[in-house]
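This report concerns only the one structure given below.
Note that ligands are numbered from 1 as they come in the structure, with each ligand's atoms numbered from 1 the same way. From a predicted model like this one, the values you see are computed outputs, not experimental measurements.
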Amino acid sequence: MSATIIDGKAFAAKVRAQVADEVTKLKSEHNITPGLAVILVGEDPASEVYVRNKGKQTVEVGMNSYEHKLDASTSEADLLALIDQLNNDPSVHGILCQLPLPDHLNEDLVINSIAPEKDVDGFHISNVGLLGTGQKSMVPCTPLGCLMMLRDHHGSLSGLNAVVVGRSNIVGKPMANLLLRDSCTVTIAHSRTKNIEEVCRAADIVVAAVGRPEMITGDWIGKGATVIDVGINRIPAPERGEGKMRLVGDVHFDSAKEVAGAITPVPGGVGPMTIACLLANTLTACARANNLPEPEGLTA
Ligand code: GUN
């Protein structure tokens, strides 16, 4: 039997609607409008698309969007000065500096100069440490979106065997920490893992975040397992015409869906959840900054 398809697009729309409701309440009951500042340095076309989408969706849920587009040659001192100004601006509740940065800028230094309570990416070393020790933090958007979908599908994740394929700071490691916090038995698999197919086959949950197109095929998946595909890879699609490309995940969808119990598609799975969770994090940061209760179901 074919797997249940987890519809990330519909789920993200639900999250955005909940965020929009909460924003309406914040405005009418407290006269507060959450604000998200996004910094883009340089002209990377993919980053420009992301930033445009973020700005558009921020405004759609009723928040203020502040875009700061800086020249590719911007000095580190100037970028840090802007972050300092945003850190001290009470109308800004979330700050995101789009990565990757041009080579002359030190990414770690820049990320760690964002006030941790405004770090809606959850990349600041303080937030990494807080998440790793099970304390209240800002949680990276993509893993948070994956967690929301898993909780929605399974209810409790307690005692499930989860394998995260990929060990990046942005997805793999925080994902593993979140699953551990929900009492999964967690394995992080990567390029050096022995018998990786077998490790994956024993899992109730597989989260694929390696960045290798269609690496995980149906024979890696245990019967009935839930598969969350974080990968977004552009590959040639000659069948669509010369020079055409198509998007695929890290999972070979057609073979995996024949074995899995549930699976996220690419596109339309994890992708739309990332920006929805960015908006959720901005709302959470705004609630915390104003000592208001955090909206339910939008945080880890
Ligand atoms: N570049 C690609 N994805 C992301 C993200 O989630 N956050 C930031 N800051 N930059 C990115």
Is a side-chain donor or acceptor of His153 paired with a backbone partner of Thr4 at a separation under 3.5 angstrom? no

Can you sort out which atoms of ligand 1 are near Leu96, meaning under 4.0 Å from one of its heavy atoms? 9 (N)

Mode of Ser47 contact toward ligand 1 - side chain, backbone, both, neither (heavy atoms, under 4.0 Å): neither

To which protein heavy atom is atom 3 (N) of ligand 1 closest, and what is the distance rounded to 0.1 Å? Gln98 NE2, 4.3 Å

Measure from the side-chain N and O atoms of Asn64 to the backbone N and O of Gly35, and report whether any donor-acceptor pair falls under 3.5 Å. no

Quick one: do Glu60 and Arg16 make a salt bridge, cutoff under 4.0 Å? no

Is there a polar contact between ligand 1 and Cys97, counting only N or O atoms under 3.5 Å apart? yes

Does any donor atom in the side chain of Thr299 or Thr284 lie under 3.5 Å from an acceptor atom in the other side chain? no

Between the candidates Leu99, Asp119, Ile275, Asp121, which shows the shortest non-hydrogen contact distance to atom 9 (N) of ligand 1? Asp121

To check you understand the geometry: which heavy-atom pair defines the closest contact between Ile170 and Pro140, and what is its length? O-CB, 3.8 Å

Would you call Cys141 a ligand 1 contact, heavy-atom distance under 4.0 Å? no

